[in-house]
Asker: 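What follows is a single structure, and I will ask about it in a moment.
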Number of protein chains: 2
Amino acid sequence: MSNPPASGENQSVARALSILDLLADSPEPLGVREIARRLGLPPSNVQRLIKTLTRAGYLEQADATLRYAIGYRAFQVGNAFVGQTSLVSAVMPELYALADEHITGFLGVMRDRSVVYLATVQSEGPVAINHRPGHQTHLHSTAMGKALLAEMSDEAVISLLGSDPLPRITQSTRIELPQLLADLAEYRKLGYSYSDEENRQGFFSAGAVVRDATGGVVAVLSGAVPAVDLAADARARIGMRVHDAAQRASRKLGAPTPRAFGHPAG
Amino acid sequence: MSNPPASGENQSVARALSILDLLADSPEPLGVREIARRLGLPPSNVQRLIKTLTRAGYLEQADATLRYAIGYRAFQVGNAFVGQTSLVSAVMPELYALADEHITGFLGVMRDRSVVYLATVQSEGPVAINHRPGHQTHLHSTAMGKALLAEMSDEAVISLLGSDPLPRITQSTRIELPQLLADLAEYRKLGYSYSDEENRQGFFSAGAVVRDATGGVVAVLSGAVPAVDLAADARARIGMRVHDAAQRASRKLGAPTPRAFGHPAG
DNA sequence: GAACAATGTTCCATTAAGTGGAACAACTGC
DNA sequence: GCAGTTGTTCCACTTAATGGAACATTGTTC
C-alpha cells in the first residue's frame with residue numbers, strides 16, 4: 001500500500017489536512033485509531049500528526065481525553081478568509097436592513113464550482129433557513145449562484161458546468177444547460193437573479209453581485225422569503241430590493257460607476 | 001540554524017501550520033519569499049508547503065498569480081469548530097431577540113486563557129461594536145470572560161491568571177486580582193456578570209453562561225449597550241435580561257434544573 | 001473480578017521522503 | 001538595458017518521517 005506524495009507536494013502536510021477535512025465533515029469527534037482506519041494510515045503516524053495539530057490549536061480533545069474535533073485556532077484562521085473588514089462591514093448593514101423587511105439575507109462567494117456562504121442574517125418570523133457559514137451549495141440552483149454565473153459569458157458557464165450533468169435539487173431546478181443559459185440572459189437584463197423554489201421547496205430568493213473598487217466581483221448577496229402567497233410583482237420587488245442592497249454595498253467598497261449588469265464583454 | 005521538530009511531532013506539519021498562522025494574522029496577502037523570510041525557512045521548502053496547502057484549498061492566490069491568503073477550505077473547516085448545530089440554533093434566536101431590544105449580542109467560548117467570539121448580532125442604532133468571529137479578548141476585562149471566570153473557584157482563577165499581570169485595557173479595567181475576585185463573588189450572587197467600560201470605553205455589557213444537557217458550560221453569551229445615559233437600574237435590567245437569554249438557551253440544550261449561579265463546589 | 005478487546009501512546013530500525021542550496025526564468029522598476 | 005526582485009524547479013544529501021511492534025489503559029463482557 002504505497003501512497004507517494006503528489007509531485008512537488010508534502011506528504012505529511014497533505015495527510016494532516018486530510019485529518020482536518022475528515023473531522024470537519026464528521027458530525028462527532030473521532031479517536032486516533034478510528035481516524036487512522038478511515039484514512040488508511042498507520043495509527044502511529046496519525047498519532048503524531050494529531051499531536052502537532054493539537055499543540056497548535058487546530059484540533060482539540062472533545063471530551064475528557066478521548067476523541068478529537070476541530071479546534072479554536074482553525075476557527076480563527078478560517079475566519080481570516082473573510083479577510084479585509086471592508087467587505088463584511090459594507091455588506092452586513094445591508095443584510096440587517098433586509099431582515100427588517102422580513103427578507104433573510106445571505107452573503108457568499110464562488111469557490112470550487114459552488115457558492116460558499118459567508119454570513120446569514122435571519123429575518124424574524126417562521127423562516128428557518130439556517131445555512132451555517134461555510135456551507136456549500138450548487139451554482140445552478142441558487143439565486144446567489146446564478147447571479148455569479150450571469151457575470152460570466154455563456155462559453156465560460158458551459159466550460160464550468162458542462163462536464164457534469166446538473167443535479168436536480170427540487171422539481172423546479174434547472175437541469176438543462178440551455179434552460180439555465182436562458183435564465184442567465186434574463187437576469188442580465190433584469191439586474192438581478194432569482195431562484196423560485198429551485199434549491200429549496202417553499203422559498204423564493206433573489207441575488208445580485210457585489211463589486212469592489214476595481215470593478216471586479218468580490219461577493220454575492222441574496223435575499224430569501226417564503227414562496228407562499230407571493231404575487232409576481234412581489235418577486236420583482238424583492239429582486240430590485242436585493243439589487244439595490246448589492247449596489248449600495250458595492251458603492252461602499254468604492255466600486256466604479258454602477259455599470260450595466262452582465263459580463264464585461266457584453 | 002537547526003530547527004529540530006518537537007518531540008513526537010511532525011516538522012513539516014508544524015511549519016505548514018505556522019504559514020497558516022502567519023497569513024491569518026497578516027492584513028494582506030504575502031508572497032512565497034516573504035513568508036520564507038518571516039519564518040526563517042528556505043523558500044524552496046515554503047514553496048512546497050504552500051503548494052500542498054493550496055491544492056487542498058487552505059490557501060489561495062490573492063490577485064492574479066502573486067501572493068497567498070487563507071483559502072475557502074480553511075473557512076469551511078474552521079466553522080466546524082462551532083460544531084453541533086444545536087448550540088448555534090439554541091443561542092442565535094436569543095441574540096436576535098436582544099438586538100430587537102437595542103442590545104448587541106455576542107456568543108463566545110473560553111480558549112487559551114481568552115474569550116473567542118463565535119457570533120455577533122448587532123442591534124440597530126449607532127452601536128458599532130464589530131467583533132468578527134474568531135476575535136480574541138481578555139478574560140478579565142469583558143463581561144463574557146468574567147462570567148466564565150465566575151464559574152471557577154478562586155484558586156482556579158488565580159492559577160489561570162495569576163502568573164502574568166492583568167493588562168489594563170481601559171481606565172476601569174480590573175488589573176488587581178483581589179479586585180477581580182471580589183467582582184466574581186458579586187456576579188455569583190447576581191446571576192450575571194458585567195463589564196462597565198472595562199474593555200471598551202463607552203460600552204456597558206453583561207454576560208451569562210450557557211450550559212448543555214450535562215450541566216457543563218458550553219458557551220457564554222453577552223449583551224452590550226452604550227454606557228451613556230444608563231441608570232444603575234438599567235444595568236441590572238440588562239444583566240437580568242442577558243441572564244434570562246442564557247437560561248433559555250441552556251434549557252433549549254436540555255440543561256438540567258436551572259441551578260444557582262456559581263461553581264459546583266459552592 | 002478476571003479475561004478480553006478495544007483504545008491511546010511510545011519506541012526504534014529502516015529508508016523513503018523532506019530538506020535546502022543553487023540554478024533558472026519571469027517580472028519590475030530604475 | 002541592467003540590477004534586483006520574484007516564483008519555481010532540480011537534485012544530491014541525509015535528516016526526519018514512517019510504520020510495525022510492543023506497551024499501557026480503558027471499558028466491556030461473561
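The chains referred to below are lettered A, B, ... by the order of the sequence lines, with proteins before strands, and numbering in each begins at 1.
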Asker: Rounding to a whole Å, what distance do you find between A/Leu30:CG and C/dG8:P?
Answerer: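 So the CG-P distance, A/Leu30 to C/dG8, works out to 10 Å.
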Asker: At 4.0 Å (heavy atoms only), tell me whether A/Ser44 reaches a base, stays on the sugar-phosphate, or touches nothing.
Answerer: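 Base: the residue A/Ser44, judged by heavy atoms under 4.0 Å, touches a nucleobase.
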Asker: Measure the distance from CD on A/Glu9 to C1' on C/dG18 and round it to the nearest whole Å.
Answerer: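 Going from A/Glu9 (CD) to C/dG18 (C1'), I get 13 Å.
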Asker: Is the phosphate of D/dA17, meaning OP1 or OP2, less than 4.0 Å from a side-chain N or O of B/Arg15?
Answerer: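 Looking at the OP1 and OP2 atoms of D/dA17, neither is under 4.0 Å from any side-chain N or O of B/Arg15.
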Asker: Please report, rounded to the nearest Å, how far the C1' atom of C/dT9 is from the CD1 atom of A/Ile35.
Answerer: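 Going from CD1 in A/Ile35 over to C1' in C/dT9 covers 14 Å.
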Asker: Any idea which of C/dT10, C/dT19, D/dT18 is nearest the A/Lys51 side chain?
Answerer: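 For the A/Lys51 side chain, the nearest candidate turns out to be C/dT10.
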Asker: A/Arg55 has an atom CZ; how far is it from atom C1' of C/dT9, in whole Å?
Answerer: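 Those two atoms, CZ and C1', are 14 Å apart.
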Asker: Both A/Tyr68 and A/Ser12 contact DNA chain C. Which one's nearest nucleotide lies toward the 5' end?
Answerer: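 Its nearest nucleotide lies further toward 5', so the answer is A/Tyr68.
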Asker: Here's a test of your reading of the structure: between A/Val13 and A/Gly31, which maps to the more 5' nucleotide of DNA chain C?
Answerer: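 Nearest-nucleotide comparison on DNA chain C picks A/Gly31.
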Asker: Going by salt bridge (charged side-chain N to carboxylate O under 4.0 Å, His left out), name the residues that satisfy it together with B/Asp21, two or more places apart in sequence or in a different chain.
Answerer: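 Here the qualifying residues are A/Arg73.
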Asker: Nearest-Å distance, CG (A/Leu41) to P (D/dG20)?
Answerer: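 One finds 11 Å between P of D/dG20 and CG of A/Leu41, rounded.
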Asker: Please determine, for the side chain of B/Pro42, which listed nucleotide (D/dT6, C/dG20, D/dG19) has the closest atom?
Answerer: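 Closest nucleotide to the B/Pro42 side chain: C/dG20.
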Asker: Can you figure out which of C/dT7, D/dA17, D/dG7 approaches the side chain of A/Arg37 most closely?
Answerer: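 Of the candidates, C/dT7 comes closest.
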Asker: Just jot down the salt bridge (charged side-chain N to carboxylate O under 4.0 Å, His left out) partners of A/Glu60, sequence neighbours excluded, or say none.
Answerer: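 Salt bridge (charged side-chain N to carboxylate O under 4.0 Å, His left out) list for A/Glu60, sorted by chain: B/Arg111.
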Asker: Taking side chain to side chain contact (heavy atoms under 4.5 Å, CB included) as the criterion, tell me which of A/Leu221, A/Asn79, A/Leu87 meets it with A/Leu118.
Answerer: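 It is A/Leu87; the other options fail the test.
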Asker: I'd like to know if B/Glu34 and B/Arg67 make a salt bridge, using a cut-off of under 4.0 Å between side-chain N and carboxylate O.
Answerer: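 Answer for the salt bridge query: no.
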Asker: Check this for me: does the side-chain of B/Arg67 come within 3.5 Å of the base of D/dG7 through a donor and an acceptor?
Answerer: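 Result: no qualifying N/O pair found.
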Asker: I need the CD-C1' distance between A/Gln47 and D/dT25, as an integer number of Å.
Answerer: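 The distance from CD of A/Gln47 to C1' of D/dT25 comes to 14 Å, rounded to the nearest Å.
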Asker: OP1, OP2 of D/dA17 versus side-chain N and O of A/Arg48: anything below 4.0 Å?
Answerer: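 It does not, given that no N or O in the side chain of A/Arg48 lies less than 4.0 Å from OP1 or OP2 of D/dA17.
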Asker: Whole Å only: how far is the CZ atom of A/Arg33 from the P atom of D/dT25?
Answerer: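 Going from CZ in A/Arg33 over to P in D/dT25 covers 15 Å.
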Asker: Looking at A/Asn10, does any N or O in its side chain come under 4.0 Å of the phosphate oxygens OP1/OP2 on C/dT19?
Answerer: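 So the side-chain polar atoms of A/Asn10 do come within 4.0 Å of the phosphate oxygens OP1 or OP2 of C/dT19, strictly under.
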Asker: Answer yes or no: does a side-chain N or O of A/Gln11 lie under 4.0 Å from OP1 or OP2 of D/dT18?
Answerer: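 For D/dT18, OP1/OP2 do have a side-chain N/O of A/Gln11 under 4.0 Å.
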Asker: Check A/Leu23, A/Val32, A/Leu30 against A/Ile50 for a side chain to side chain contact (heavy atoms under 4.5 Å, CB included) and give me the one that passes.
Answerer: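 Single pass found, and it is A/Val32.
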Asker: Whole-Å distance between D/dT14 P and B/Asn45 CG?
Answerer: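 So the two atoms are 18 Å apart, to the nearest Å.
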